[in-house]
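Okay, structure first, notes after.
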Amino acid sequence: MDRTRRSLPDTGKRFTVKARVMGSEGFTSGRHYWEVELAGSREWRLGVAAESVERKRDVTPTPKTGVWSIGRWGDVFNASASPPSPLPARPIPGRVGVYLSYESGTVSFYDADTKSILHTFAGNKFTEKLYPLIGIADENHWLRICSGSAPGV
């Protein structure tokens, strides 16, 4: 792995405080599903972010700040609500499915191996483009976006 620090131009879309990235394709309608392989990482966040999400300051990621996500930090596994919502105490999945239904205002997360629901953010009224979001703090691991089929939704 190349750990060389690079000086890259700040395009205004780059996160400068946290190690997060947004997908290149955003959504303003429809239903979308993707899976993220976690590769044993113990510190990560994944979900959906609004195009206008704050990228230059450290802001708590919640639906109010334009982020619908779940994350893990060691033994803490929760949904990024306000306050944080602990997720069920069971083995943390190795692959998580993210399902966005723009018109119905929901973002759901699934254990992709068992197809069981982990958490749903419901009752949202999305008004701007939404993008896949991934963040990782564990530099010894990686995350990978994979295709998958939505579990019965």
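Quick note: numbers below take in every heavy atom, side chains included, and nothing from hydrogens, waters or symmetry partners. Since we're looking at a predicted model, the values are computed, not measured. For the single chain, residues carry numbers from 1 onward in sequence order.
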### Task
Kindly indicate whether the side chain of F27, heavy atoms from C-beta on, has any atom under 4.5 Å from the side chain of F126.
no
- Query: Hey, does the side chain of E25 reach the backbone of Y131 with a donor-acceptor pair shorter than 3.5 angstrom?
  - Reply: no
Looking only at heavy atoms, the pair that brings L38 and P93 closest together is CD1-O, 3.1 Å
Rounding to 0.5 Å, atoms CG (D113) and CD (E35) come to a distance of 8.0 Å
Here the pair of heavy atoms bringing N78 nearest to V76 is ND2-CG1, 3.7 Å
Value for OH (Y102) from NZ (K125), rounded to nearest 0.5 Å, stands at 8.5 Å
Note: G47 and F109 closest approach over all heavy atoms is CA-CE2, 3.7 Å
Requested in this report: Take R42 and D75 through the side chain to side chain contact (heavy atoms under 4.5 Å, CB included) test and state the conclusion after the steps.
Outcome: CA-CA 8 Å; R42 294 180 50 81; D75 294 330; 3.3 Å; yes
For R72 and F77 the tightest heavy-atom approach is CB-CD1, 4.2 Å
What I want to check is whether the side chains of S80 and S69 have a donor and an acceptor closer together than 3.5 Å. yes
For T62 and A81, the nearest pair of non-hydrogen atoms, with its separation, is CG2-O, 3.8 Å
Side-chain heavy atoms of W73 within contact of R45, under 4.5 Å:
yes
Original post:
Do I70 and W44 come within less than 4.5 Å of each other through their side chains, counting heavy atoms only?
Top reply: yes
Correct closest heavy-atom pair for N124 and P63 would be OD1-CB, 4.4 Å
Could you check T106 against S104 for side-chain hydrogen bond (donor to acceptor under 3.5 Å, both in side chains), going step by step and ending with a plain yes or no? CA-CA 6 Å; T106 61; S104 69; 3.3 Å; yes
Side chains of S82 and K64 in contact at under 4.5 Å (non-hydrogen atoms) = no
